[in-house]
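Everything below concerns the one structure shown next.
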Amino acid sequence: MPRSLCRITDLNAAEVREIFDLCGKMKRKEIAPRPLEGKAVACIFTKASLRTRVSFEVGIFELGGLALYITDNEIKLGQRESVADAARVLSRYVGMIMIRTYAQDDVEKLAKYASVPVINGLTDLVHPCQILGDYFTVLEHLEPKERYKVAYLGDGNNVANSWLNLASLIPLDLRIGTAEDTLPDAGILERAKSNSDSKILLTTDPKEAVTDADVIYTDVWASMGQKHLAEEKEKKLKKYQVNSSLLAWADPKAIVMHCLPAERGREITDEVMDGPHSVVFDEAENRLHIQKAIMVFLSK
Ligand code: CP
Ligand code: NVA
């Protein structure tokens, strides 16, 4: 079975560092590998996307390949035919598969039955390319440190889960500020806690999460597929809004991150998102570089 990236913990710590190293070299244009020369990559989208779609398509082009944009309208994964059969068929045509969908199980099944690498471009459970790119952005912006203090504020969603996944591999002081019933995935949390090099704090107090933090991170309160819960989530999560008064509790050199798209005025204010601490657009750019690095790594 080829290597796939269904979640960050499919990698080990050395492999994560290898991907960051490749990412830096490609971003600085020190190397320009073309492992996808003559190959197509199936990019399956069951959910909307700006960054993931465009950065994958551009990245595949820059690696010499052809990106095929496929929506669920065409393939109806798991309905028109089984995920396993779709994986077997796609593997006869393409050199790699990228998928953004709802169920993590569909991505894992695709990876199990495909004979080419599969990359998770977001599920309800995790968003691995995002957090790998985000940690690369942290390394670019902050002085080297053994264990960054990362405060994630808001919904315990796919993005929060991927921060926890990263903390199970890389030493992190990760504080998640969220309500009692918007917690991250329990199994992913336990695994992160079992890494004794990381410190994991779950708190309902946003100030406790943010105190002295190097990184303040937030995401939408209602993810794709949950927009009908937006009002309910807003009530629960409004005290976790990333605004100037919350930012004042962080380290003075702290950076502010958001995976985007942002719902300005909800989880983050304009003042903070457009302010001097914000690195959100560098973060968006790094999706391109990190995904190229992931595709090069998986092509080995
Ligand atoms: N951050 C992110 O994945 O953006 P898109 O939903 O636009 O792809
Ligand atoms: N948590 C958000 C991330 C979007 C990139 C969602 O799943 O909609």
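All ligand and atom numbering here is 1-based and tracks the order in the structure. Count residues from 1 along the sequence.
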Under a 3.5 Å cutoff, is there a donor and acceptor pairing between the side chains of [X] and [Y]?
| X | Y | result |
| --- | --- | --- |
| D106 | T101 | no |
| R147 | S198 | no |
| N286 | E140 | yes |

Would you check whether S223 has a nitrogen or oxygen atom less than 3.5 angstrom from a nitrogen or oxygen atom of ligand 2?
yes

Taking both backbone and side-chain atoms of N157, is any N or O found less than 3.5 Å from an N or O belonging to ligand 2?
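By distance alone, the answer is yes.
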
Starting from [atom], what is the nearest protein heavy atom, named by residue and atom, and what distance separates them?
| atom | result |
| --- | --- |
| atom 5 (C) of ligand 2 | L260 O, 3.6 Å |
| atom 8 (O) of ligand 2 | M224 N, 2.8 Å |
| atom 4 (C) of ligand 2 | L122 CD1, 3.8 Å |
| atom 7 (O) of ligand 2 | N158 ND2, 2.8 Å |
| atom 4 (O) of ligand 1 | R51 NE, 2.8 Å |
| atom 6 (O) of ligand 1 | R100 NH1, 2.8 Å |

State, to 0.1 Å, how close D134 and M257 come at their nearest heavy-atom pair, and which atoms those are.
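Minimum heavy-atom separation between D134 and M257: O-CE, 3.4 Å.
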
Could you list which atoms of ligand 1 come closer than 4.0 Å to a heavy atom of [X]?
| X | value |
| --- | --- |
| C259 | 1 (N) |
| L50 | 5 (P), 7 (O), 8 (O) |
| Q130 | 1 (N), 2 (C), 3 (O) |

Does ligand 2 have a heavy atom under 4.0 Å from the side chain of D155, from its backbone, from both, or from neither?
neither

Of the side chain and backbone of T52, name the one, both, or neither that has a heavy atom under 4.0 Å from an atom of ligand 2.
neither

Please indicate whether any nitrogen or oxygen in L260 is less than 3.5 Å from any nitrogen or oxygen in ligand 1.
yes

For ligand 1, find out whether one of its N or O atoms is nearer than 3.5 Å to an N or O atom of R53.
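Among all N and O atoms of R53, none is under 3.5 Å from an N or O of ligand 1.
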
Could you check whether the rings of W163 and Y135 sit parallel, tilted or perpendicular, using 30° and 60° as the cut-offs?
perpendicular

Please verify the inter-ring angle class for F20 with F136; under 30° counts as parallel, over 60° as perpendicular, anything in between as tilted.
tilted

Looking only at heavy atoms, is any part of L122 under 4.0 Å from ligand 1, and if so is it the side chain, the backbone, or both, or is it neither?
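For L122, there is no contact with ligand 1 at all, from either part.
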
Is there a donor-acceptor contact under 3.5 Å from the side chain of D10 to the main chain of R7?
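Checked: pair present.
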
For atom 3 (C) of ligand 2, which candidate among D219, N161, V220 holds the nearest heavy atom?
D219

Among K47, R287, H258, which residue places a heavy atom closest to atom 2 (C) of ligand 1?
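Among K47, R287, H258, the closest heavy atom to atom 2 (C) of ligand 1 belongs to R287.
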
With side chain to side chain contact (heavy atoms under 4.5 Å, CB included) as the criterion, how do E285 and K27 come out once you've worked through the C-alpha distance, each side chain's angles and the decisive distance to 0.1 Å?
CA-CA 10 Å; E285 178 189 332; K27 187 171 179 181; 3.6 Å; yes

Can you spot which of H258, Q241, K238 makes a side-chain hydrogen bond (donor to acceptor under 3.5 Å, both in side chains) with E267?
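Option passing the side-chain hydrogen bond (donor to acceptor under 3.5 Å, both in side chains) with E267: H258.
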
Testing D185, T123, N158, N161 for side chain to side chain contact (heavy atoms under 4.5 Å, CB included) with Q104, which one passes?
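Answer to the side chain to side chain contact (heavy atoms under 4.5 Å, CB included) test with Q104 among D185, T123, N158, N161: T123.
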
Checking R3 against F297: charged group under 6.0 Å from the ring centre and within 45 degrees of the axis?
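No; the conditions do not both hold, so R3 does not lie above the ring face of F297.
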
